[in-house]
Peer 1: 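The structure that follows is given in the form of structure tokens.
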Number of protein chains: 2
Amino acid sequence: MPNLDKSLVADLPMFAGVEPDDLNDILREAQSIRYQKGASVFQQDEEAHSFFILLHGHLRVMKVTPDGQQVVVRYVTPGEIFGIAMAMGRGTYPATALAVVDSLALVWPSAAWPRLVAKHPSLAVNTIQTVGSRLQDAHTRVVEMSTEQVERRVAHALLRLAKQAGRKGEDGIRIDFPISRQDVAEMTGTTLHTVSRILSAWEDQGLVESGRQRISIRDPHKLFILAERPSG
Amino acid sequence: MPNLDKSLVADLPMFAGVEPDDLNDILREAQSIRYQKGASVFQQDEEAHSFFILLHGHLRVMKVTPDGQQVVVRYVTPGEIFGIAMAMGRGTYPATALAVVDSLALVWPSAAWPRLVAKHPSLAVNTIQTVGSRLQDAHTRVVEMSTEQVERRVAHALLRLAKQAGRKGEDGIRIDFPISRQDVAEMTGTTLHTVSRILSAWEDQGLVESGRQRISIRDPHKLFILAERPSG
DNA sequence: GGGCTTGTTTGATCTGACGCAAACTGGGAG
DNA sequence: CTCCCAGTTTGCGTCAGATCAAACAAGCCC
């Protein structure tokens with residue numbers, strides 16, 4: 001993995017507790033690959049040949065049902081490890097990852113994983129924490145889907161997006177990659193029509209400002225109230 | 001951990017690749033504790049003082065929302081590790097675990113985890129796989145909640161219960177612990193009323209046979225068809 | 001810059017499932 | 001054996017949100 005600023009990578013949670021020398025050893029086996037906007041990084045059910053760390057850009061991870069419906073599992077933000085299907089004991093990827101903007105990732109062959117983990121036990125510990133926190137997120141989402149109605153689910157989704165990919169601008173916190181009504185619908189288990197109606201209503205109230213594949217949160221606090229309040 | 005048949009424990013997936021001597025080392029730090037039906041093993045938001053392996057019985061793991069609604073996260077079956085909040089980097093349990101029948105578990109202090117993992121790297125590898133497979137399950141559930149309507153969600157839930165806690169009887173596959181309509185509702189994000197209606201209909205069609213806190217699947221194949229078919 | 005594609009808005013209608021309410025029943029406690 | 005309670009069944013009215021349908025707009029390509 002030539003010509004890459006290691007100081008950035010060294011601070012990632014995945015490499016916490018890893019000595020600089022060991023880090024070099026780990027990075028030596030990786031290559032960096034660019035993905036153009038719209039390109040797929042890996043496909044659902046494809047053999048899990050590699051695992052990755054995102055350096056730049058944003059990915060959408062989604063699952064497709066047998067009858068063609070899509071569900072957005074999550075968005076990957078820089079610094080995150082992803083595609084670790086092999087480490088989780090699977091032979092294939094459980095979902096598809098797509099670059100929503102031009103992106104750059106470190107890529108290791110899955111075959112390197114057992115060796116790396118054996119040599120650098122911190123990796124295993126950090127991976128447990130990473131996967132564990134994703135499990136929490138997934139459970140949170142199950143709880144939301146079970147108990148909240150659509151408007152609040154959308155509010156929660158937007159707040160989450162703002163936290164992990166929000167960029168402060170003059171019109172509030174803007175989600176830093178193109179995202180459509182359809183995408184939000186696939187994150188919250190509803191339809192683009194309903195999302196559109198909700199965003200229109202929020203726009204009238206001055207809560208958000210949005211357009212074609214673009215959402216900014218003007219009033220995060222009010223949105224938060226709306227997300228938490230049983231019926232507000 | 002005195003007087004326990006180690007041969008049973010040795011075959012658990014969590015201890016795959018662990019040498020017998022090492023296993024003794026691990027088990028030495030555990031104690032076994034009994035939980036009466038209805039007793040809580042740990043509580044949501046409580047400090048994560050211990051982690052566990054279930055030896056006998058069944059636990060219901062659930063989350064409670066701020067406004068008091070419950071969601072069943074999963075049922076724990078014998079052989080499974082649970083309560084590993086600490087390993088996942090959390091200080092408190094994210095959910096409550098309740099014994100639905102008299103149960104028996106091995107219990108380790110959470111403080112022992114780092115030491116055990118450091119000494120027996122297989123534990124970390126196995127834990128990643130365990131947590132990973134739970135993450136898959138959770139994502140599957142999110143997809144179901146997003147794309148399927150209630151009847152199919154209930155069908156999937158029952159099939160899953162049958163697979164992990166089914167006991168063959170004369171009236172089909174019976175779920176091996178007391179489970180109410182309310183419980184099924186909390187697993188599928190619906191109400192006990194709707195579950196009751198669905199089960200009644202299925203009973204008329206000879207798909208299931210059920211009663212007070214008791215469900216048997218008479219015709220798993222037809223139920224499976226119903227669960228998978230877009231509109232059957 | 002004109003046309004086309006892709007995403008968005010908004011209206012009208014329909015319905016699955018929820019909420020409420022009330023009756024019913026299995027099985028344990030005394 | 002009877003009472004009682006928790007769990008279950010079932011009917012009915014209602015509504016959040018899906019579905020269907022159509023017009024509309026922002027970019028992008030040529």
Side-chain angles (χ1 to χ4, degrees), chain A residues 36-38 60 65 67-72 98 100-101 144-155 157 175 177-205 208-216 226 230-232, chain B residues 36-38 60 67-72 98 100-101 144-155 157-158 175 177-205 208-216 226 230-232:
Chain A
Q36 285 198 310
K37 175 175 173 168
R60 182 174 66 233
T65 64
D67 56 311
Q69 292 193 76
Q70 293 191 357
V71 175
V72 173
L98 217 73
V100 292
V101 294
E144 279 180 15
M145 300 267 309
S146 299
T147 62
E148 296 180 355
Q149 43 191 53
V150 174
E151 189 176 32
R152 294 217 285 155
R153 298 209 300 270
V154 174
I175 295 166
F177 52 81
I179 184 166
S180 70
R181 309 291 186 259
Q182 177 69 39
D183 294 329
V184 176
E186 288 175 7
M187 296 178 70
T188 51
T190 180
T191 63
L192 79 160
H193 306 274
T194 298
V195 172
S196 178
R197 282 177 230 272
I198 289 171
L199 288 184
S200 293
W202 287 351
E203 191 124 23
D204 292 346
Q205 302 170 237
V208 303
E209 197 281 314
S210 72
R212 195 188 179 78
Q213 305 211 84
R214 180 177 57 76
I215 305 176
S216 293
L226 199 152
S231 71
Chain B
Q36 285 198 311
K37 175 174 174 170
R60 182 173 67 232
D67 57 310
Q69 292 192 77
Q70 292 192 357
V71 175
V72 173
L98 217 73
V100 292
V101 295
E144 280 179 15
M145 300 267 308
S146 300
T147 63
E148 296 179 354
Q149 38 191 55
V150 174
E151 188 177 32
R152 296 218 284 155
R153 298 209 301 269
V154 174
L158 255 52
I175 294 166
F177 52 81
I179 183 166
S180 69
R181 309 290 185 260
Q182 178 70 37
D183 293 331
V184 176
E186 288 175 7
M187 297 178 70
T188 52
T190 181
T191 63
L192 80 161
H193 306 273
T194 298
V195 172
S196 178
R197 283 176 233 273
I198 289 171
L199 288 184
S200 294
W202 287 350
E203 190 124 24
D204 292 345
Q205 303 170 236
V208 302
E209 199 282 315
S210 72
R212 195 189 179 76
Q213 305 211 87
R214 178 176 58 74
I215 304 177
S216 293
L226 200 151
S231 70

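Every chain is numbered from 1, with letters handed out A, B, ... down the list of sequences. In this text, all values refer to a predicted model and were calculated from it rather than measured experimentally.
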Peer 1: Any N or O donor-acceptor pair under 3.5 Å from the base of C/dT9 to the side chain of A/Arg181?
Peer 2: no
Peer 1: Hey, does the side chain of A/Arg214 reach the backbone of A/Pro178 with a donor-acceptor pair shorter than 3.5 angstrom?
Peer 2: no
Peer 1: Counting only side-chain nitrogens and oxygens, does B/Thr191 get under 4.0 Å of the OP1 or OP2 atom of C/dA17?
Peer 2: no
Peer 1: Quick check against the 3.5 Å criterion: does B/Thr194 have a side-chain atom that pairs as donor or acceptor with the backbone of B/Thr190?
Peer 2: no
Peer 1: Could a donor-acceptor pair under 3.5 angstrom be found where the side chain of B/His193 meets the base of D/dT8?
Peer 2: no
Peer 1: Does C/dT9 have its OP1 or OP2 closer than 4.0 Å to a side-chain nitrogen or oxygen of A/Ser196?
Peer 2: yes
Peer 1: Taking only the side-chain heavy atoms of B/Arg212 (C-beta and beyond), determine which of C/dG26, C/dA17, C/dT8 contains the nearest atom.
Peer 2: C/dG26
Peer 1: With distance as the sole test, does B/Ser196 use its side chain to make a donor-acceptor pair with the main-chain N or O of B/Leu192 at under 3.5 Å?
Peer 2: no
Peer 1: Could you tell me the separation between the CG atom of B/Asp183 and the C1' atom of D/dT8, rounded to a whole number of Å?
Peer 2: 13 Å
Peer 1: Take the protein atom CD of B/Glu209 and the nucleotide atom P of C/dG26, then report the distance between them rounded to whole Å.
Peer 2: 12 Å
Peer 1: Report the distance from atom CD1 of B/Ile198 to atom P of C/dA17, rounded to the nearest whole Å.
Peer 2: 7 Å
Peer 1: Which nucleotide sits closest to the side chain of A/Ser200: C/dT10, D/dA25, D/dT10?
Peer 2: C/dT10
Peer 1: Using OP1 and OP2 only, check whether a side-chain N or O of B/Thr190 sits under 4.0 Å from C/dC18.
Peer 2: yes
Peer 1: Atom CZ of A/Arg153 to atom P of D/dA18: distance rounded to whole Å?
Peer 2: 8 Å
Peer 1: If only atom types and distance count, is the side chain of A/Glu203 paired as donor or acceptor with the main-chain N or O of A/Ser210 below 3.5 Å?
Peer 2: yes
Peer 1: Send over the distance from A/Gln149 CD to C/dG16 P, rounded to a whole Å.
Peer 2: 20 Å
Peer 1: Less than 4.0 angstrom between a side-chain N/O of A/Thr194 and OP1 or OP2 of D/dA18, yes or no?
Peer 2: yes
Peer 1: Using whole Å, what does the distance between atom P of nucleotide D/dG17 and atom CG of A/Leu199 come to?
Peer 2: 14 Å
Peer 1: Any donor and acceptor pair, going by atom type alone, linking the side chain of B/Arg181 with main-chain N or O of B/His193 inside 3.5 Å?
Peer 2: no
Peer 1: Is it the case that the base of C/dA17 and the side chain of B/Arg197 share a donor-acceptor contact (distance under 3.5 Å, atom types as modelled)?
Peer 2: no
Peer 1: In whole angstrom, give the distance that lies between atom CG of B/Leu192 and atom P of D/dT8.
Peer 2: 8 Å
Peer 1: Could you give the CD-to-C1' distance, from A/Gln69 to D/dA18, as a whole number of Å?
Peer 2: 12 Å
